[in-house]
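Every chain is numbered from 1 and lettered A, B, ... according to where its sequence line falls, protein lines coming before strand lines.
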Protein chains: 2
Amino acid sequence: MALHKRDQFTTSEQQLAVIAKALGHPARIAILQLLAQRQSCVCGELVTELPIAQSTVSQHLKELKTAGLVQGEVDGPRVCYCIDRAGWARARHLLSGLLVELPAPTAACAC
Amino acid sequence: MALHKRDQFTTSEQQLAVIAKALGHPARIAILQLLAQRQSCVCGELVTELPIAQSTVSQHLKELKTAGLVQGEVDGPRVCYCIDRAGWARARHLLSGLLVELPAPTAACAC
DNA sequence: CTTTACAATCGTTAATCGACGATAAACGAA
DNA sequence: TTCGTTTATCGTCGATTAACGATTGTAAAG
């Protein structure tokens, strides 16, 4: 593979991209919203709430976990998921940083 | 193809996912930041600032344009890009909506 | 009318994603 | 131990992404 162009970007750019990529699918947005609504963590309940197969939900959860946005804890035969406190705090920080860097459209460009 | 599961999600979930997906690459983050910094719109200047080939930059610009985040205007032989006011306003709205829905880690889950 | 820049598109390649069904693994209950 | 429930993983498939070089298109400049 050797020397990805990817490495030429800022770490904060990369971190933000990882977060955004994890958010880049409606199912994962829905999962996060469900986990936030029921502040009690849900498990395979997610599967019944979502219009996708169990294995697909599991994959999305894995991606969210990899991105550090979600956390799962085994509880008997089932797994209890919840939003990863630290990870989501970081994500919030990066995202709101972007909203500051790219402010609301005031004057904007001359083109 | 026929009937994507994708269609089963909220439109706001889908819109947010489209935005997030567009932000899901460090090069595109970098492009947006560059366009914001120099409030004057840049063009192929982007190519010299970024560690990727001209054609690749062009592709990323296209994706950003498709997502409605960026806008390009032909100016002689060159093209002047800037942040799409309306599109970015919408994106901001959706993103900050998410930050409200998923608040900072206070109590969180019992697991 | 050429030449020259600049930017978009084409064509290709390897890699990743999204989805599914099927299977395996973990564990409590009978 | 065996069964049922729950979740993760495997294997597969088509579609998409990311990247590049090469080519094409467009418009000012000579």
Looking only at the side chain of B/Lys21 (C-beta and beyond, no hydrogens), which of the listed nucleotides C/dG18, C/dA22, D/dT17 gets closest? D/dT17
Using OP1 and OP2 only, check whether a side-chain N or O of B/Ser58 sits under 4.0 Å from C/dA8. yes
Below 3.5 Å, does any donor atom in the side chain of B/Gln59 face an acceptor in the base of C/dA8, or the other way round? no
What's the closest nucleotide to the side chain of A/Pro77 if the choices are D/dT6, C/dA8, D/dA19? D/dT6
Nearest to the side chain of B/Ser55, which nucleotide is it out of D/dA18, C/dA7, D/dC20? D/dC20
If only side-chain N and O atoms of A/His60 are considered, is one of them under 4.0 Å from the OP1 or OP2 phosphate oxygen of C/dC17? no
Check: B/Phe9 main-chain N/O paired with B/Gln14 side-chain donor or acceptor under 3.5 Å: yes
Side chain of A/Lys62 only, heavy atoms from C-beta on: which candidate in D/dC20, D/dT9, C/dG18 is closest? D/dT9
Between C/dT9 atom P and B/Leu61 atom CG, what is the distance in whole Å? 11 Å
Are A/Tyr81 and D/dT6 close enough that a side-chain N or O sits under 4.0 Å from OP1 or OP2? no
Quick one: is B/Arg78 getting a side-chain N or O under 4.0 Å of the D/dT26 phosphate, OP1 or OP2? no
Of the candidates D/dG21, C/dA8, C/dC20, the side chain of B/Ala53 sits closest to D/dG21
Using atom types as modelled and distance alone, determine if a side-chain donor or acceptor of B/Thr66 lies under 3.5 Å from a backbone N or O of B/Lys62. yes
